[in-house]
Amino acid sequence: MISRSNRSPSLSCVIPAYNEARNLVTFVPQILATLRPLSPQVELIVVDDGSRDDTTLVMQGLCAAHPEVVYLKLSRNFGKEPALTCGIDATRGEVVVLMDADGQHPVSLVPEMLAKWRAGSDVVYAVRKTRDDQSGLQVSLTGLFYKLVNFGNRVKIPANAGDFRLMDRKVVDALKSLPERNRFMKGLYAWVGFNSTAIDYQPLPRADGKSNFGLRGSLSLALTGILAFSIAPLRALTMVGLVLSAIALGYGAWVVGEYFFSGIAVPGYATIVVGMMFFSGIQLLSIGVLAEYVGRIYEEVKQRPPYLISQRNGNGLANL
(Lines give C-alpha, C1' and ligand atoms only; values in the text may rest on other atoms or scores of the structure.)
Protein backbone atom coordinates (compact mmCIF):
# COMPACT_ATOMS: atom_id res chain seq x y z
CA MET A 1 0.00 0.00 0.00
CA ILE A 2 1.22 3.49 -0.88
CA SER A 3 2.17 5.76 2.03
CA ARG A 4 0.83 9.31 1.84
CA SER A 5 1.73 10.29 5.38
CA ASN A 6 3.34 13.60 4.45
CA ARG A 7 0.65 14.80 2.06
CA SER A 8 -2.09 17.34 2.68
CA PRO A 9 -4.46 16.68 -0.22
CA SER A 10 -7.16 18.96 -1.55
CA LEU A 11 -10.58 17.77 -0.33
CA SER A 12 -13.93 17.62 -2.09
CA CYS A 13 -17.10 16.68 -0.25
CA VAL A 14 -20.25 15.74 -2.18
CA ILE A 15 -23.72 15.94 -0.63
CA PRO A 16 -26.83 15.00 -2.65
CA ALA A 17 -29.92 16.72 -1.26
CA TYR A 18 -33.65 16.49 -1.82
CA ASN A 19 -35.90 18.75 0.29
CA GLU A 20 -33.22 19.10 2.97
CA ALA A 21 -33.20 22.90 3.34
CA ARG A 22 -33.52 22.91 7.15
CA ASN A 23 -30.78 20.34 7.55
CA LEU A 24 -28.36 22.06 5.16
CA VAL A 25 -28.46 25.31 7.17
CA THR A 26 -26.65 23.63 10.07
CA PHE A 27 -24.98 20.67 8.38
CA VAL A 28 -22.97 22.60 5.76
CA PRO A 29 -21.15 24.83 8.32
CA GLN A 30 -20.54 21.75 10.47
CA ILE A 31 -18.88 19.90 7.60
CA LEU A 32 -16.78 22.93 6.65
CA ALA A 33 -15.60 23.26 10.26
CA THR A 34 -14.37 19.65 10.08
CA LEU A 35 -12.79 19.85 6.61
CA ARG A 36 -10.91 23.16 6.92
CA PRO A 37 -8.36 21.94 9.53
CA LEU A 38 -7.64 18.87 7.35
CA SER A 39 -6.59 20.71 4.20
CA PRO A 40 -5.89 24.25 2.95
CA GLN A 41 -7.88 23.48 -0.22
CA VAL A 42 -11.47 22.43 0.41
CA GLU A 43 -14.72 22.42 -1.54
CA LEU A 44 -18.20 21.31 -0.53
CA ILE A 45 -20.50 20.41 -3.43
CA VAL A 46 -24.23 20.22 -2.72
CA VAL A 47 -26.30 18.67 -5.51
CA ASP A 48 -29.96 19.69 -5.36
CA ASP A 49 -31.93 16.82 -6.86
CA GLY A 50 -34.98 18.86 -7.86
CA SER A 51 -36.00 19.94 -4.35
CA ARG A 52 -39.39 21.62 -3.86
CA ASP A 53 -38.60 23.38 -0.58
CA ASP A 54 -36.32 26.36 0.14
CA THR A 55 -33.10 24.53 -0.74
CA THR A 56 -32.19 27.00 -3.52
CA LEU A 57 -32.62 30.04 -1.28
CA VAL A 58 -30.70 28.41 1.57
CA MET A 59 -27.83 27.31 -0.67
CA GLN A 60 -27.51 30.71 -2.32
CA GLY A 61 -27.00 32.19 1.13
CA LEU A 62 -24.47 29.51 2.08
CA CYS A 63 -22.54 30.04 -1.18
CA ALA A 64 -22.37 33.77 -0.47
CA ALA A 65 -21.15 33.15 3.09
CA HIS A 66 -18.67 30.37 2.32
CA PRO A 67 -16.47 30.49 -0.82
CA GLU A 68 -15.78 26.76 -0.52
CA VAL A 69 -19.42 25.86 -1.16
CA VAL A 70 -20.64 24.89 -4.64
CA TYR A 71 -24.36 24.54 -5.36
CA LEU A 72 -25.52 22.45 -8.33
CA LYS A 73 -29.26 22.44 -9.02
CA LEU A 74 -30.52 19.67 -11.29
CA SER A 75 -33.27 20.46 -13.79
CA ARG A 76 -35.62 17.95 -12.10
CA ASN A 77 -35.59 15.05 -9.66
CA PHE A 78 -33.34 12.43 -11.25
CA GLY A 79 -32.77 10.29 -8.15
CA LYS A 80 -29.95 9.89 -5.68
CA GLU A 81 -27.66 7.83 -7.93
CA PRO A 82 -27.61 10.46 -10.74
CA ALA A 83 -27.21 13.20 -8.12
CA LEU A 84 -24.17 11.42 -6.68
CA THR A 85 -22.81 10.98 -10.21
CA CYS A 86 -23.24 14.72 -10.84
CA GLY A 87 -21.37 15.60 -7.67
CA ILE A 88 -18.56 13.14 -8.39
CA ASP A 89 -18.18 14.54 -11.91
CA ALA A 90 -17.87 18.06 -10.51
CA THR A 91 -15.18 17.32 -7.93
CA ARG A 92 -11.61 18.55 -8.36
CA GLY A 93 -10.01 17.44 -5.09
CA GLU A 94 -7.37 14.76 -4.71
CA VAL A 95 -9.61 13.12 -2.13
CA VAL A 96 -13.41 12.95 -2.36
CA VAL A 97 -15.83 12.35 0.52
CA LEU A 98 -19.47 11.36 -0.03
CA MET A 99 -22.10 12.09 2.63
CA ASP A 100 -25.87 12.38 3.00
CA ALA A 101 -27.58 15.68 3.75
CA ASP A 102 -29.73 14.43 6.64
CA GLY A 103 -26.93 14.56 9.24
CA GLN A 104 -26.94 10.82 9.92
CA HIS A 105 -23.36 10.36 8.68
CA PRO A 106 -21.00 11.40 11.50
CA VAL A 107 -18.71 14.17 10.26
CA SER A 108 -16.31 13.25 13.07
CA LEU A 109 -15.28 10.13 11.12
CA VAL A 110 -13.81 12.11 8.21
CA PRO A 111 -10.43 12.70 9.95
CA GLU A 112 -10.18 8.95 10.65
CA MET A 113 -10.98 8.22 7.02
CA LEU A 114 -8.30 10.64 5.86
CA ALA A 115 -5.80 9.01 8.23
CA LYS A 116 -6.46 5.64 6.63
CA TRP A 117 -6.04 7.24 3.19
CA ARG A 118 -2.65 8.57 4.33
CA ALA A 119 -1.79 5.03 5.41
CA GLY A 120 -2.38 3.81 1.85
CA SER A 121 -6.08 3.01 1.42
CA ASP A 122 -7.66 4.22 -1.81
CA VAL A 123 -11.21 3.76 -0.50
CA VAL A 124 -12.41 4.05 3.08
CA TYR A 125 -16.08 3.14 3.42
CA ALA A 126 -18.34 3.19 6.46
CA VAL A 127 -20.38 0.12 7.46
CA ARG A 128 -23.46 0.43 9.62
CA LYS A 129 -23.25 -1.36 12.97
CA THR A 130 -27.03 -1.73 13.30
CA ARG A 131 -30.25 -0.95 11.46
CA ASP A 132 -32.29 -0.09 14.53
CA ASP A 133 -33.78 2.93 12.76
CA GLN A 134 -35.46 0.70 10.15
CA SER A 135 -38.44 -1.63 10.33
CA GLY A 136 -38.02 -5.37 10.64
CA LEU A 137 -39.39 -5.84 7.11
CA GLN A 138 -36.87 -3.41 5.64
CA VAL A 139 -34.00 -5.07 7.51
CA SER A 140 -35.05 -8.51 6.25
CA LEU A 141 -35.43 -7.29 2.67
CA THR A 142 -32.03 -5.60 2.84
CA GLY A 143 -30.36 -8.83 3.95
CA LEU A 144 -32.15 -10.76 1.20
CA PHE A 145 -31.03 -8.21 -1.39
CA TYR A 146 -27.34 -8.56 -0.55
CA LYS A 147 -27.62 -12.35 -0.71
CA LEU A 148 -29.26 -12.17 -4.14
CA VAL A 149 -26.97 -9.56 -5.66
CA ASN A 150 -23.83 -11.31 -4.44
CA PHE A 151 -25.00 -14.81 -5.41
CA GLY A 152 -22.57 -16.26 -7.94
CA ASN A 153 -20.81 -12.92 -8.53
CA ARG A 154 -17.06 -12.50 -8.47
CA VAL A 155 -17.44 -8.90 -7.28
CA LYS A 156 -19.03 -8.84 -3.84
CA ILE A 157 -20.89 -5.76 -2.62
CA PRO A 158 -20.21 -5.26 1.11
CA ALA A 159 -23.38 -5.63 3.14
CA ASN A 160 -24.53 -2.55 5.10
CA ALA A 161 -22.00 -0.29 3.35
CA GLY A 162 -23.63 2.81 1.90
CA ASP A 163 -22.48 5.96 0.16
CA PHE A 164 -20.62 7.37 3.16
CA ARG A 165 -17.02 6.94 2.02
CA LEU A 166 -13.71 8.58 1.14
CA MET A 167 -12.08 7.94 -2.24
CA ASP A 168 -8.76 8.75 -3.85
CA ARG A 169 -8.76 10.72 -7.11
CA LYS A 170 -7.86 7.64 -9.16
CA VAL A 171 -10.95 5.86 -7.82
CA VAL A 172 -13.08 8.87 -8.72
CA ASP A 173 -11.63 8.95 -12.23
CA ALA A 174 -12.38 5.23 -12.58
CA LEU A 175 -16.03 5.84 -11.59
CA LYS A 176 -16.27 8.75 -14.04
CA SER A 177 -15.05 6.49 -16.86
CA LEU A 178 -18.01 4.11 -16.49
CA PRO A 179 -20.59 5.08 -19.14
CA GLU A 180 -23.72 3.30 -17.92
CA ARG A 181 -26.92 5.29 -17.33
CA ASN A 182 -28.73 2.96 -14.91
CA ARG A 183 -26.24 3.49 -12.13
CA PHE A 184 -26.16 1.51 -8.89
CA MET A 185 -23.38 3.29 -7.05
CA LYS A 186 -22.81 0.67 -4.34
CA GLY A 187 -22.12 -1.86 -7.06
CA LEU A 188 -19.88 0.51 -9.01
CA TYR A 189 -17.79 1.23 -5.90
CA ALA A 190 -17.18 -2.49 -5.51
CA TRP A 191 -16.62 -3.11 -9.23
CA VAL A 192 -13.78 -0.60 -9.66
CA GLY A 193 -11.89 -2.23 -6.80
CA PHE A 194 -8.69 -0.59 -5.43
CA ASN A 195 -7.33 -0.89 -1.89
CA SER A 196 -10.32 -0.58 0.42
CA THR A 197 -10.75 -0.32 4.17
CA ALA A 198 -13.99 -0.59 6.14
CA ILE A 199 -14.78 1.28 9.33
CA ASP A 200 -17.85 0.81 11.53
CA TYR A 201 -20.22 3.63 12.35
CA GLN A 202 -23.51 4.15 14.12
CA PRO A 203 -25.94 6.37 12.16
CA LEU A 204 -26.92 9.51 14.04
CA PRO A 205 -30.58 10.49 14.47
CA ARG A 206 -31.91 12.40 11.53
CA ALA A 207 -31.46 16.12 12.18
CA ASP A 208 -34.85 17.25 10.88
CA GLY A 209 -37.82 15.92 8.93
CA LYS A 210 -38.42 12.45 7.54
CA SER A 211 -36.45 10.43 5.04
CA ASN A 212 -37.45 10.86 1.40
CA PHE A 213 -36.13 7.39 0.63
CA GLY A 214 -38.75 4.93 1.82
CA LEU A 215 -39.53 1.28 1.16
CA ARG A 216 -40.69 1.95 -2.39
CA GLY A 217 -37.46 3.73 -3.27
CA SER A 218 -35.43 0.99 -1.63
CA LEU A 219 -37.19 -1.70 -3.65
CA SER A 220 -36.67 0.24 -6.89
CA LEU A 221 -32.96 0.70 -6.13
CA ALA A 222 -32.64 -2.97 -5.18
CA LEU A 223 -34.19 -4.01 -8.50
CA THR A 224 -31.75 -1.76 -10.35
CA GLY A 225 -28.85 -3.24 -8.41
CA ILE A 226 -29.84 -6.84 -9.07
CA LEU A 227 -30.40 -6.27 -12.79
CA ALA A 228 -27.22 -4.22 -13.16
CA PHE A 229 -24.87 -6.53 -11.25
CA SER A 230 -26.36 -9.99 -11.38
CA ILE A 231 -27.66 -12.47 -13.93
CA ALA A 232 -29.00 -14.67 -11.14
CA PRO A 233 -32.65 -14.11 -12.21
CA LEU A 234 -31.84 -15.40 -15.71
CA ARG A 235 -29.99 -18.38 -14.30
CA ALA A 236 -32.88 -19.09 -11.96
CA LEU A 237 -35.29 -19.13 -14.91
CA THR A 238 -33.00 -21.57 -16.72
CA MET A 239 -32.97 -23.89 -13.72
CA VAL A 240 -36.76 -23.63 -13.31
CA GLY A 241 -37.15 -24.52 -16.98
CA LEU A 242 -34.90 -27.55 -16.64
CA VAL A 243 -36.65 -28.78 -13.49
CA LEU A 244 -40.13 -28.33 -14.99
CA SER A 245 -39.07 -30.07 -18.18
CA ALA A 246 -37.76 -33.02 -16.18
CA ILE A 247 -40.99 -33.18 -14.15
CA ALA A 248 -43.10 -32.98 -17.31
CA LEU A 249 -41.13 -35.78 -18.99
CA GLY A 250 -41.38 -37.93 -15.86
CA TYR A 251 -45.09 -37.33 -15.55
CA GLY A 252 -45.60 -38.10 -19.25
CA ALA A 253 -43.71 -41.38 -18.88
CA TRP A 254 -45.81 -42.30 -15.85
CA VAL A 255 -49.09 -41.61 -17.68
CA VAL A 256 -48.00 -43.69 -20.70
CA GLY A 257 -46.93 -46.54 -18.42
CA GLU A 258 -50.23 -46.46 -16.53
CA TYR A 259 -52.17 -46.66 -19.76
CA PHE A 260 -50.23 -49.42 -21.53
CA PHE A 261 -49.21 -51.64 -18.62
CA SER A 262 -52.04 -51.19 -16.14
CA GLY A 263 -54.85 -50.33 -18.52
CA ILE A 264 -55.79 -47.30 -16.43
CA ALA A 265 -57.24 -44.41 -18.39
CA VAL A 266 -56.10 -41.23 -16.65
CA PRO A 267 -58.71 -38.44 -16.71
CA GLY A 268 -56.93 -35.47 -18.25
CA TYR A 269 -59.21 -32.43 -17.91
CA ALA A 270 -58.03 -31.21 -14.49
CA THR A 271 -54.41 -32.05 -15.29
CA ILE A 272 -54.52 -30.07 -18.53
CA VAL A 273 -56.19 -27.02 -16.97
CA VAL A 274 -53.90 -26.88 -13.95
CA GLY A 275 -50.84 -27.53 -16.12
CA MET A 276 -51.76 -24.78 -18.57
CA MET A 277 -52.33 -22.25 -15.78
CA PHE A 278 -49.08 -23.17 -14.05
CA PHE A 279 -46.91 -23.08 -17.15
CA SER A 280 -48.60 -19.86 -18.33
CA GLY A 281 -47.64 -18.24 -15.04
CA ILE A 282 -44.04 -19.42 -15.41
CA GLN A 283 -43.93 -18.07 -18.95
CA LEU A 284 -45.31 -14.66 -17.94
CA LEU A 285 -42.82 -14.47 -15.07
CA SER A 286 -39.98 -15.32 -17.43
CA ILE A 287 -41.11 -12.72 -19.96
CA GLY A 288 -41.34 -10.14 -17.18
CA VAL A 289 -37.77 -10.79 -16.00
CA LEU A 290 -36.48 -10.66 -19.58
CA ALA A 291 -38.44 -7.44 -20.15
CA GLU A 292 -36.71 -5.80 -17.17
CA TYR A 293 -33.30 -6.60 -18.65
CA VAL A 294 -34.37 -5.47 -22.13
CA GLY A 295 -35.78 -2.26 -20.64
CA ARG A 296 -32.39 -1.48 -19.08
CA ILE A 297 -30.70 -2.15 -22.41
CA TYR A 298 -33.20 0.21 -24.10
CA GLU A 299 -32.36 2.95 -21.58
CA GLU A 300 -28.62 2.47 -22.18
CA VAL A 301 -28.71 2.57 -25.99
CA LYS A 302 -30.58 5.90 -25.98
CA GLN A 303 -27.46 7.40 -24.35
CA ARG A 304 -29.31 10.17 -22.57
CA PRO A 305 -27.26 11.93 -19.88
CA PRO A 306 -27.99 10.70 -16.34
CA TYR A 307 -28.60 14.28 -15.14
CA LEU A 308 -28.93 17.89 -16.33
CA ILE A 309 -27.75 20.94 -14.37
CA SER A 310 -29.99 24.02 -14.46
CA GLN A 311 -28.07 26.26 -12.04
CA ARG A 312 -24.62 26.56 -10.50
CA ASN A 313 -23.41 28.81 -7.68
CA GLY A 314 -19.87 28.95 -6.34
CA ASN A 315 -16.57 27.75 -7.76
CA GLY A 316 -14.97 25.68 -5.01
CA LEU A 317 -11.61 24.42 -6.24
CA ALA A 318 -12.36 25.34 -9.87
CA ASN A 319 -10.29 28.52 -9.71
CA LEU A 320 -7.26 26.88 -8.10
For Asp54, give me all partners under side chain to side chain donor-acceptor pair (under 3.5 Å), at least two apart in sequence or on another chain. none
Please list all pairs passing the salt bridge (Lys or Arg N to Asp or Glu O under 4.0 Å) test where one or both residues lie in residues 70-79, with sequence neighbours left out. Asp48-Lys73
Taking side chain to side chain donor-acceptor pair (under 3.5 Å) as the definition, give me every residue that meets it alongside Tyr201, ordered by chain and number, with sequence neighbours left out. none
Kindly say whether Ser12 contributes a backbone atom to a donor-acceptor pair with the side chain of Glu43 at under 3.5 angstrom? no
Could you list the residues that satisfy side chain to side chain donor-acceptor pair (under 3.5 Å) with Glu112, not counting sequence neighbours? none
Run the salt bridge (Lys or Arg N to Asp or Glu O under 4.0 Å) test against Asp163 and tell me which residues pass, sequence neighbours left out. Lys80
Among all residues two or more places apart in sequence or in another chain, which pass the side chain to side chain donor-acceptor pair (under 3.5 Å) test with Asp53? Thr55
Quick one: salt bridge (Lys or Arg N to Asp or Glu O under 4.0 Å) pairs with a partner in residues 55-70, sequence neighbours left out? Arg36-Glu68
Can you find a pair of side-chain heavy atoms, one from Met113 and one from Phe164, that are under 4.5 Å apart? yes
Which residues pass the side-chain contact (heavy atoms from CB on, under 4.5 Å) test with Asn77, not counting sequence neighbours? Tyr18, Asp49
Do Thr197 and Ser121 pair up side chain to side chain, a donor and an acceptor below 3.5 Å, judged on atom types alone? yes
Residues two or more places apart in sequence or in another chain: which of them pass side-chain contact (heavy atoms from CB on, under 4.5 Å) with Arg304? Lys302
Check: Arg92 and Ser10 side chains under 4.5 Å, non-hydrogen atoms: no
Compare all side-chain heavy atoms of Val47 with those of Tyr307 and state whether any distance is below 4.5 angstrom. no
According to side-chain contact (heavy atoms from CB on, under 4.5 Å), who are the partners of Val127, at least two apart in sequence or on a separate chain? Tyr125, Asn160, Ala161, Ala198, Asp200
Side chains of Asp168 and Asn195: closer than 4.5 Å at any heavy-atom pair? no
Those residues that, when tested against Ala115, pass side-chain contact (heavy atoms from CB on, under 4.5 Å) (two or more places apart): none
